[in-house]
Amino acid sequence: MAANMGSMRILIKGGKVVNDDFTQEADVYIENGIIQQVGKELMIPGGAKVIDATGKLVLPGGIDTSVHMQDSFMNAAIQDDFYSGTKAALMGGTTMVMALVLPEQHCSLLDAYENCRGQADAKACCDYALHVGVTWWGSKVRNEMETLVREHGVNSFQMFMAYKDFMMLRDSELYQAMQTCKDIGAIARVHAENGELVAEVHSAKEALDLGISGPEGIEISRPEELESEATHRAVTIANRARCPIYLVNVSSMSAGDMIAAAKMQGKVVHAETTVAHAVLNGMQYYHQDWAHAAAHVIVPPLRIDPNTPGYLMGLLGNDTLSVVASEHRPFSTKQRALGKEDFTKIPHGVAGVQDRMSVIWERGVVTGKMDENRFVAVTSSNAAKIYNLYPRKGRIIPGADADVVVWDPDATRTISVSTQVQGGDFNLYEGLRCHGVPLVTISRGRLVCENGVFMCAEGSGKFYPQRTFPDFLYKKMVQREKTQAYKGVARDPYSGDVAMVANTMKKELGLGPIDGDMPNKGLQGARVHQGVRDLHESSFSLSGSQVDDHIPKRSSARILAPPGGRSSGIW
């Protein structure tokens, strides 16, 4: 059945084709999984299935850049495998997902990747790609990153500045990881929070000592200044490594401002936020119902300032933030109850892969913070450009993959956990009435969803190998390497005298033994003073030994008539 569907001929008639830069009234003809023609009065062969899109929009399928499926996290199994998760994505208008592989500390990145590929290939319903987490650092990790890029179609790695003793990299390790990403042409994804200070607050020193054990502790213990500080540090490290940086899970106004400032300074910085951060605020953690409050635990946490979601949505609209992801990692209430007496043990994660497109349309387009073209950019096209998929993905043009959604901007649906396909037993947007409904979803030329009916076989999705050195990130960097390379100053060599290094200084600098050391050893051309002390050079040493200790001392002589006369009378 899947093979037959893949060879379907489909004509989408009468709709408005929306790309990230323009909208046009055009028909779209699809055959062999590829968009063959876009325009009016197309000449097409017979036997095509016709989809009437009059009054509707025809969008590139969504690309969700951050999902977690068929894995475990913080001692809890994620409530979606690659079948249920990608089915939910397609039902919501997303035709490609990017999942994160998280190797255990000191375990092989390659093994974790192969394990995830085996699970996903058997179950995925749509195209997918994989980011690989760099959860520790060493020469083996560097070599495996190169192998993953060269032989396995991976072009992005995620580093963590949080989760101390679990996944966190120190600054020096982060710098080396970014240098490796630059050398192999990969995208450096960074989760920016000050992990050291989070760990301090997470211990009994702060919130738990104060008797704060509920979900509100997640917001208290991870204030936004820890995110903005780490964001600035991450951008600085990336700039020194000459590596483009992609910040994930941006959650606060101050971090958003830091990114905007870095872009104004010309740094190559891109960032994504999540649907939850762009729609909800941290007052959810203070709900009287523990289960409701715990269901919103995500890291970084939702922010207490009620202006934050609107601000982040505005940053999506003005291109400070490039992408909105679901950060889909659903857990059940029972699993979250692992932390019923200690908020640090509540598994971090929320569901959202199914509702991402509709919620962003409702809170972004309907409110006027972005237009339909910008909506396509933040849900699809920008991700395709950043991850080197464009224009095969993220655009409706001849030759592109036939990942297409017929979108009704006027229809509404009310979100509810009772009707969702995605995993978990709680929906963050319960009762939200959304304009913007995907009527038809086409994935690689296959009609997979029509009017709420799902028609796709388990395992019919494909891994999508990604190419390195995406122009959208690296073209600017390559040009800068040519024009802004560091250069030494051409000058005549210094030919004057060089001072002798004092023995104590030599000891501190590790320049060799002191006892019996020749004054001019290793100091070619240095001026050497022998026999008498040079009063222009210090001979004082805190160690008690002095530079002239090897010179025999004369016997003391009592001076009966010192120059200037005796001084005893003064005292």
Side-chain angles (χ1 to χ4, degrees), residues 60-71 73 78 80-83 85-90 92-103 109 112-113 115-117 119-121 123-134 145 148-149 152-160 181 186-191 244-250 270-275 321-330 349 351-354 356-357 360 377-390 392-394 401 403 422 443-444 461-468 470 472-473:
I63 301 172
D64 195 337
T65 53
S66 190
V67 302
H68 308 262
M69 296 173 183
Q70 209 159 330
D71 200 356
F73 188 71
I78 294 168
D80 264 322
D81 62 14
F82 274 93
Y83 173 67
T86 54
K87 177 182 178 181
L90 290 167
T94 292
T95 55
M96 181 173 183
V97 298
M98 296 183 177
L100 179 61
V101 179
L102 274 181
L109 276 63
Y113 164 85
N115 182 51
C116 188
R117 277 292 308 273
Q119 294 172 336
D121 286 344
K123 289 183 173 289
C125 299
C126 66
D127 286 346
Y128 75 94
L130 297 175
H131 314 297
V132 177
V134 177
M145 287 170 71
L148 285 165
V149 161
H152 297 281
V154 171
N155 79 347
S156 53
F157 297 91
Q158 183 155 326
M159 284 71 79
F160 294 84
C181 285
I187 298 121
R189 292 168 51 97
V190 177
H191 175 114
I245 186 172
Y246 183 94
L247 292 152
V248 302
N249 302 344
V250 175
H270 293 279
E272 75 177 29
T273 188
T274 75
V275 183
L321 299 177
S322 305
V323 175
V324 60
S326 68
E327 188 61 14
H328 179 76
R329 188 193 274 141
V353 71
Q354 183 175 354
R356 180 181 71 111
M357 301 274 282
I360 293 300
V378 300
T379 59
S380 180
S381 302
N382 283 351
K385 292 173 184 177
I386 289 167
Y387 292 97
N388 223 359
L389 306 166
Y390 193 82
R392 286 286 301 275
K393 305 280 188 190
D401 289 348
D403 294 341
Q422 65 192 12
S443 173
R444 281 275 187 101
K462 296 280 191 299
F463 174 73
Y464 202 97
Q466 294 166 282
R467 294 169 293 121
T468 54
F472 199 65
L473 299 182

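Expressed to the nearest 0.5 Å, how far CG of Leu473 lies from OG1 of Thr468 amounts to 11.5 Å. Once rounded to the nearest 0.5 Å, the distance linking CZ of Arg189 with CG of Leu247 reads 10.5 Å. Atom CD1 in Ile360 sits 8.5 Å away from atom OG1 in Thr273 (nearest 0.5 Å). Within the model, atoms CG of Asn249 and CD of Glu272 stand 6.5 Å from one another, a figure rounded to the nearest 0.5 Å. Taking NE2 from His152 and CZ from Arg117, the interatomic distance works out to 9.0 Å, rounded to the nearest 0.5 Å.
The two residues Gly85 and Val353 have their closest heavy-atom pair at O-CG1, 3.8 Å. A pairwise comparison of heavy atoms in Val101 and Tyr113 identifies CG1-N, 3.9 Å as the closest pair. The two residues Met96 and Ala129 come nearest to each other via the heavy atoms CE-CB, 3.8 Å. A pairwise comparison of heavy atoms in Ala351 and Gln422 identifies CB-NE2, 3.6 Å as the closest pair. The shortest heavy-atom contact between Ala188 and Cys181 is CB-SG, 4.0 Å. Smallest separation of non-hydrogen atoms from Thr94 and Arg356: OG1-NH2, 3.2 Å.
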Decide yes or no on side chain to side chain contact (heavy atoms under 4.5 Å, CB included) for Asp81 and Gln119, but give the supporting numbers first. CA-CA 8 Å; Asp81 62 14; Gln119 294 172 336; over 6 Å; no
Quick one, Gln354 with Lys87, criterion side chain to side chain contact (heavy atoms under 4.5 Å, CB included). Give me CA distance, side-chain angles, the key distance, then yes/no. CA-CA 9 Å; Gln354 183 175 354; Lys87 177 182 178 181; over 6 Å; no
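Taking the six-membered ring for Trp and the full ring otherwise, His131 and Tyr387 have centroids separated by under 6.0 Å. Ring centers of Tyr464 and Tyr128: at least 6.0 Å apart, outside the cut-off.
Counting only heavy atoms from C-beta outward, the side chains of Ser66 and Leu100 never approach each other to under 4.5 Å. Counting heavy atoms from C-beta outward, Asp127 and Thr95 have side chains that stay 4.5 Å or more apart.
Looking at Asp401 and Arg444, a side-chain N of the basic residue comes within less than 4.0 Å of a carboxylate O on the acidic one, giving a salt bridge.
The one candidate from Leu130, Thr65, Val67, Asp64 that meets the side chain to side chain contact (heavy atoms under 4.5 Å, CB included) condition with Met98 is Thr65.
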